[in-house]
Each structure stands twice: as structure tokens, then as C-alpha cells.
Amino acid sequence: MKNHHIIVFLFSFFLIMSLRGFVSCTDQETKVYVVYLGEHNGEKTLEEIEDHHCSFLQSVKGTTTSKEDVRASLVHSYKNVINGFSAVLTPQEVDMISGMEGVVSVFHSDPYEIRPHTTRSWDFVSLLEGTSLLNSREELLQNASYGKDIIVGVMDSGVWPESSSFNDEGMEPVPKSWNGICQEGVAFNASHCNRKLIGARYYLKGTVGGRRVANASAIGGFAKGTATGGAPNVRLAIYKVCWPVPDRSLAEGNACTTDDILAAFDDAIADGVHVLSISLGSRPKSTYYTEDAIAIGSLHAVKKNIVVACSAGNDGPTPSTVENVAPWVITVGASSIDRVFSSPIMLGNGMIVEGQTVTPIRRRRLHPLVYAGDVEIRGTTASNTTGACLPGTLSRNLVRGKVVLCRNSDIQASLEVKRAGGVAAILGNQFNQIQVIPFLNPTTVTFLDGLNTLLTYILTEKHPTATLVPGNTKIGTNSAPVMAPFSSKGPNVVDPNILKPDITAPGFNILAAWSEASSPLNIPEDHRVVKYNIESGTSMSCPHVSAIIALLKSIHPDWSSAAVRSALMTTSTINNVVGRPIRNATGDDANPFEYGSGHFRPSRAVDPGLIYDATYTDYLLYLCSQNISLNSLFSCPEKVPTASNLNYPSLAIANMRGSIRTVTRVVTNVGKDNSTYVLAVRSPPGYAVDIVPKSLCFSKLGEKHSFNITIIRAQSSVERRNEFSFGWYTWSDGVHVVRSPIAVSSSA
Ligand SMILES: *[C@@H]1O[C@H](CO)[C@@H](O)[C@H](O)[C@H]1NC(C)=O
Ligand SMILES: *[C@@H]1O[C@H](CO)[C@@H](O)[C@H](O)[C@H]1NC(C)=O
Ligand SMILES: *[C@@H]1O[C@H](CO)[C@@H](O)[C@H](O)[C@H]1NC(C)=O
Ligand SMILES: *[C@@H]1O[C@H](CO)[C@@H](O)[C@H](O)[C@H]1NC(C)=O
Ligand SMILES: *[C@@H]1O[C@H](CO)[C@@H](O)[C@H](O)[C@H]1NC(C)=O
Ligand SMILES: *[C@@H]1O[C@H](CO)[C@@H](O)[C@H](O)[C@H]1NC(C)=O
Ligand SMILES: *[C@@H]1O[C@H](CO)[C@@H](O)[C@H](O)[C@H]1NC(C)=O
Ligand SMILES: *[C@@H]1O[C@H](CO)[C@@H](O)[C@H](O)[C@H]1NC(C)=O
């Protein structure tokens, strides 16, 4: 984090105005901090709340600081639902405030910490239509009146109002319950709101901490077409919390601050959204409540029965990368759909090697084929970078007029081949899933097998030649869905006793509405303007789930947020379209740390049979297990249940000590009167699972039954210390199958 004094002067005028009190009179490093005070205690006017927030500041800044200067140091005052504020503070002031009565936590609002969950790979293929895996979708949509009464709040990097996704033709007037506004913004005016896009708010106050806005006139963001595709009549309200920054290492060059996000939550809850779709995140912290704005904001939302869906993050396939892991949100991973953009490579000997691209390619004659490692400028590569087509490594003389094979599949490799005068690039991908990128020059991507075939061909053929065959879209690949390699994985580092992610949904090579304010690659070399783009990321899978949540809320308005999550999770599948286990991007069977309970199945989620419900109080009780006490109105009991006892639709027990552990679950009948559910169990290897009772009889709807799950460690599992072992159990009445994954690990 840079010293903020210099940066402040780069900022917009009003910020400089509001901060002048500090910048001039102190040399201490000041930053924006969030002071979180939990819930509002009793009824107060907005003015009283702000006074209350200022009183904290006044007491640390001393009586010599005028009231006006104290007020000016406030960045945000959260007044509606969340109690707290953000302010410019010195480290000493932070220490003082942390110790004050009523303060739950104080944390730094770092703009570089929270990033949108998009990845840098898309394409523009407006001729391809969007696809959906949803079966019986039309019927489900009809039953849910196409989601017309449901308002989904999207917390994201923005909105492009001209996009046809926001066409409101034939839509009914905005629901009366809506309290939100359509805020004027740069390049956005209130007339852009309509019956589809019913609200827009912008948050740009939190930038004091060091974020520079690259081009504030280009709103830059985009809204996900899929959110509307899944539930066409759902209403959208956009809370733009992320803004472009010049730092290119950030996904999409956008960043968002904690204090802006909390302000957006505070507004969205008061505005009356029913669902929040959040495609942002930061690396998980050690606890839910010290620094995680999304965890804090969403607990307040869940208390008001708003369902919060969050993207799991794009930091896979590395383990322990899953973000947004609080047990009150729905955490969504990403997987492929049954479509590939095929563009094979034809070799001089007639052989065809599989390749994929969405870059338009014209049919050409065969050209000489070279391996990048053989046409490099001497001294520009080391043994581990040879053949990678890094910028500036290829020799123009050796590359001109040739097809170049690179051992690397990023956009830079393709651009390097273009720079050196190559006619086409073939890029080697280490996974068996290819994330398509809208390359600027003829380029196709092949798998590891293909790369090896091509290398052998180049080695053994005297005059190797190749050409790229123009692409076409193939629907119906029978391995779908496959987990996306970037989809962030468990275990949950905040609390491994809550299994995350929860589910997976389409988020790989998805067609989405695209802002005309930015090119598909979003790099200076790219001047293309497109309406649709191919996108990948958990930021794409999350809106798919949000759309389905809107339908579920429409059909079951009385369901709690936990009930909605349970319905989605227990009805999901761990099998692909041909009934084989869902695989990951290197061809192994995927596990619950990749897909959670499995791939969602919307039409089954409508009628799940049983649900695992949980209330706000259950979450407060769960927080007791994390040594967190959120407000003075709720005190933790003497004997706190373990985290694994939260009534969650999946079961995780981490670092089990001893050889036996029992947890309790409660299910509620939402299927039919007079139904009997029978148990089936697949024990995790190394453990036995004993569930009592083995059948559950419900005479009425709404009836609840509890059961105990006992995990018994086998002697052999001592060898697998700290390693997770997976299994599942199901309850079935012959019509519904209510499935829960199990993940267990043992310590010594
Ligand atoms: C739609 O509603 C009808 C009547 O309640 C029901 O029979 C049908 O199963 C529902 N379809 C879906 C996909 O939920
Ligand atoms: C808002 O949009 C309308 C219609 O596009 C336009 O006529 C008007 O000038 C715009 N106002 C501002 C302040 O940009
Ligand atoms: C900023 O955005 C405006 C309007 O979209 C555009 O004309 C201009 O070129 C952009 N400037 C930079 C530096 O990207
Ligand atoms: C696929 O799963 C295997 C076995 O769990 C694991 O070793 C591998 O890293 C996974 N690959 C990806 C891309 O996630
Ligand atoms: C290549 O090796 C060098 C020296 O061992 C190392 O510093 C560098 O990070 C490696 N680069 C890649 C891309 O692995
Ligand atoms: C909670 O506090 C107890 C006692 O100080 C400690 O043993 C336990 O590890 C803490 N739990 C968590 C999740 O921090
Ligand atoms: C359930 O069983 C009870 C007792 O046998 C019976 O009176 C009732 O009609 C049944 N309800 C339904 C919906 O079948
Ligand atoms: C579950 O275990 C608890 C504690 O041992 C016990 O009180 C309860 O009766 C058990 N419930 C069932 C359904 O067996």
C-alpha cells in the first residue's frame, strides 16, 4: 500500500475537498478503515446514527478537532441495515477505536484486495446463440411467471444500458415494493432505467485508499446477459462498486473497496432486492468477521431473507482458493457446457489434430510449420521459457510466413507470433478444457496430446506444413459438464468444517452481453467493438444461479435463504450428461472441493422433497463456534455446538480428533404428506458412517425430523492424516433424492 498523501491529489475534486483537514496537518500514514458496529440497536433517525458514528471519531481525534472536520473524515456512514462507518484513520486511531465499546471489528479497506471474478479471456461471436443446460426450463419459467416479481441486485463492475439484455418490452410496471433509485452517473442517466433495469447506484467514495480511476468516463463494465436469460422477466438493480484501475495485473483492470461494498449492501437491503448476485471476492481472511465485507453485508441481507449468491473465485486449480465461504451465502463454482468451438489443425501429411478457437479463420493453403523453440532469437529465453512465445523472443527472419507452434496458450503468445510475422499460431494448452480467447490473429489452441503430436511431426518430417481449419461450433460433447480449471477449490480456509464451494454452474465459454465501451480483449492493441462476447469465470456461473434463485423465490416466496440453498444443493448432480462422474480439467473425477454438492438442476430444485433450513439465529450460534459475538442482543450459550453442527446441506469435519464424532441434522418436509424417506450412504474411504434413524416418516408438510450422523475413523485412515476423504448420504422417498456430500479429515 502506497502512502496516500500523493495519491490523494490525483483524485477527484470532492475527495480532496473532504479530506483537506487531514492531509495538510499530519505526516502519519492515513488510510480508509471500516469500523463495523454490528446491528442497529433500537430505532434511531438517520441523523442520530451519523452523530453516533461521529462520536467515535470525535473521541479519538480529540476536542481540538472541529465537528466539521470530524464529519469530513467520514467516508461512508452505514445507516439503513448495517451499523458502522468508514473513515480516514491513523494506525493509532485504529487502535483506540478497536478497543471501544460496541465495536465488532475495524479493518482496512484495501482497493486492490477485492476483484471482480471475471477472467481475461473472451471472444466475440455474435452468430452463436446462448446455450442453457436447463431442462424443462420453459415449464419452470411459466410456473415462476418468468420471475416477474423478483428483484435481483447485481453487485459488479457496472452496466451498459444500451445492451439488448435490458430491453423491457412487454414487461409489467416495476413492483411497488421497490424503494431503490436510478442514480445519474458518468455516461449513464436516469432515462436508461426501465422496467427491466429498475435501479442503479454508484460507489466511488472508497477510493481514498489508493485507487486511481483510469477513465471514469468509460463506465467500462457490463451486465451479465445470462442473469436475464435464465429468468427473462426478473428485474435488475445494479450496484456498481468496482471501477477500472490502471493496474493490468488485476483481472479486467477493475478493483472495488470494502467500504463501498458495505455501502452497496446497506442500500440494496433497504431498496428491497430479493436476491443478490455478487461476482466479486478477495482471498479469504482468517475469520469471517474481521475484514470480509461480503460476509458481513450478506449476513445482514440474509437476516432480511435476501438470498445471496457469490462466485467462488477464479484461482483454481490450486487447492484452498475458494472465496466467499461464509455459510450464509451460496458459493458457486464454474464448469463447462456441452459446446466447443472446434477449429482443427490440418497437417501436410493429411493428419488432423484437434484444436479450438472462436477467432474467425479463413481457409488458407498449407504453410511451413515451425516449433517456437527452434525460431527464437538467441539469448532471449531460458530452458524453462523456450518455446513459450514470450514477447520479443521470436526471430522475424525465421518466423515470417510460417505457422508457429507455442508451448503456451495465453494472448501474449498469439500476439508475439503476429509481431514476428507468422501467418498463424498454434498454442498448446495443459488442460483438456480450452478457454477460448478472442485472439486478434489466426490462432487455435490444442491440448497436451495435440501439442506432443505436432512436436513429433515437426521432428520427424523434413518439410512440416500445417493450416488451420475454419472454426465451427459443436453442441453435444458428451463429457459436459467438466470443471473449469480456474474454478477456485476447497477446502475452505476460514472454516474447513463448512464445505465450499456449494455448487457448480455454467461459467466456461459463455456468451454474454458486452459493453461497447471496451474491446473484447480489453488491451490497447484491440480496437474491436462488440455487443456479445464469450466469457469465462465464476462471475458467469454466479448469475446463472441467481436467475434460478429468482424463479425459486417466485414459486416459493416463503422459503428462507437457507431453504433455497438446500434445494439447489441437494438436487444437484455429480454426474455428467452421459451419467459418468463429472471430471476436472485434467481428466480425473472431480470432488466436492471442486463442485460442492454438484451441478445445479433447476427444475428439480423447485421440488426438493426435504430441506435443511437455518435461521439467522442459527448463524449467530455458528459464529459462536468461531469465537465471534456479533451483537449484544445475542449471547453465546455456555456449551457451543461445533461448526459441523450447523444445519448445512453438506457435511464437513476437518481434523477429526479421536476415532468418533457425531453431528446432528434436521430436515423439513416440503414434498408431500405421508411420505417416508429411506437412507443410503457411501462412506468416505477410511471411515464408517452411521446414521440414526435409517428412515424418516413425515405425516404432514412442514414436519421436521432430526437424525444423528456418526463418523467412525478406521485404523487405516491414520495414514491419510489431514487428507480429506469424500462420501455422501441420501434420503429418498422414491420420487425425490436428497443428496449431501461428506468430507472428512483426521489429525493425528
Ligand atoms: C409446474 O407446475 C405444475 C402445477 O403445479 C407442476 O405439476 C409442474 O411439475 C411444475 N413444473 C415445474 C418444472 O416445476
Ligand atoms: C439523458 O438521456 C436522454 C435520452 O437519451 C437525453 O435526451 C438527455 O440529454 C440525457 N441527459 C443527460 C444529462 O445526459
Ligand atoms: C476514455 O474514455 C473516452 C470515452 O469512452 C474515450 O474516448 C477515451 O479514449 C478514453 N481514454 C483513455 C485514456 O482510455
Ligand atoms: C483433477 O483431480 C486430480 C485428483 O484429485 C488432481 O490431482 C488434479 O490436480 C485435478 N486437476 C485440476 C485441473 O483441477
Ligand atoms: C525459469 O527459471 C528461472 C530460474 O530458475 C526462474 O527464475 C523463473 O521464474 C522460471 N520461469 C518460469 C516461467 O517458470
Ligand atoms: C475459540 O477460542 C477457544 C478458546 O480460546 C480456542 O480454543 C479455539 O481454537 C477458538 N476457535 C476458533 C475457531 O478460533
Ligand atoms: C395421510 O395419512 C392419514 C392417516 O392414514 C390420512 O388420514 C390422510 O388422509 C393421508 N393424507 C394424504 C394426503 O394422503
Ligand atoms: C442424537 O444424539 C443426541 C445426543 O447424543 C441424542 O440426545 C438424540 O436423541 C439423538 N437423536 C436421534 C434421532 O437419535
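The first residue in the sequence is number 1, and the count goes up from there. One-based numbering, in listed order, for ligands and for the atoms of each.
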### Contact atoms of ligand 4, heavy-atom distance to P317 under 4.0 Å
12 (C), 13 (C), 14 (O)

### Message
Using a 4.0 Å cutoff against the non-hydrogen atoms of D588, which atoms of ligand 4 qualify?
### Response
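Atoms satisfying the 4.0 Å criterion: 1 (C), 2 (O), 3 (C).
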
### Chi angles and distances behind the disulfide (SG to SG under 2.5 Å) call for C406, C389
CA-CA 6 Å; C406 305; C389 296; 2.1 Å; yes

Short N or O contacts of ligand 7 with protein, under 3.5 Å, listed by atom name?
residue  : atom   : partner : partner atom : Å
ligand 7 : 2 (O)  : N674    : OD1          : 3.1
ligand 7 : 2 (O)  : N674    : ND2          : 2.3
ligand 7 : 11 (N) : N674    : ND2          : 2.8
ligand 7 : 14 (O) : N674    : ND2          : 3.2

#### Entry: Test item, R583 contacting ligand 4 (heavy atom, 4.0 angstrom)
no

### Task
Would you check whether E594 reaches within less than 4.0 Å of ligand 4, judged by its heavy atoms?
yes

### Query
Do the side chains of S695 and L679 get nearer than 4.5 Å, heavy atoms only?
no

### Task
For the pair F508 and F486, name the ring-plane relationship: parallel under 30°, tilted 30 to 60°, perpendicular over 60°.
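Judged by the thresholds at 30° and 60°, the geometry between F508 and F486 is parallel.
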
### Task
Describe, in one word, how the ring planes of Y729 and W731 are oriented to each other, choosing from parallel (under 30°), tilted (30 to 60°) and perpendicular (over 60°).
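Plane angle over 60°, so perpendicular.
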
### Task
Let me know which of D495, N324, T331 forms a side-chain hydrogen bond (donor to acceptor under 3.5 Å, both in side chains) with K500.
T331

Look only at the side chain of [X] and the backbone of [Y], and say whether a donor-acceptor pair between them is shorter than 3.5 Å.
{"X": "T444", "Y": "Q356", "value": "yes"}
{"X": "N669", "Y": "K672", "value": "yes"}
{"X": "T538", "Y": "G313", "value": "yes"}

### Task
Over all heavy atoms of both residues, which pair between I691 and I709 is shortest? Give the atoms and the distance, please.
CG1-CG2, 3.9 Å

### Summary
On a heavy-atom basis, the closest approach of S277 and P543 is OG-CA, 3.8 Å

#### Entry: Short N or O distance, N584 and ligand 4, threshold 3.5 Å exclusive
yes

### Query
Is there any N or O on N591 that sits under 3.5 Å from an N or O of ligand 4?
no

### Message
At under 4.0 Å between heavy atoms, is it the side chain or the backbone of K489 that contacts ligand 4, or both, or neither?
### Response
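Only the side chain of K489 comes within reach of ligand 4.
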
### Query
Which ligand 8 atoms does S706 reach within 4.0 Å, using its non-hydrogen atoms?
13 (C)

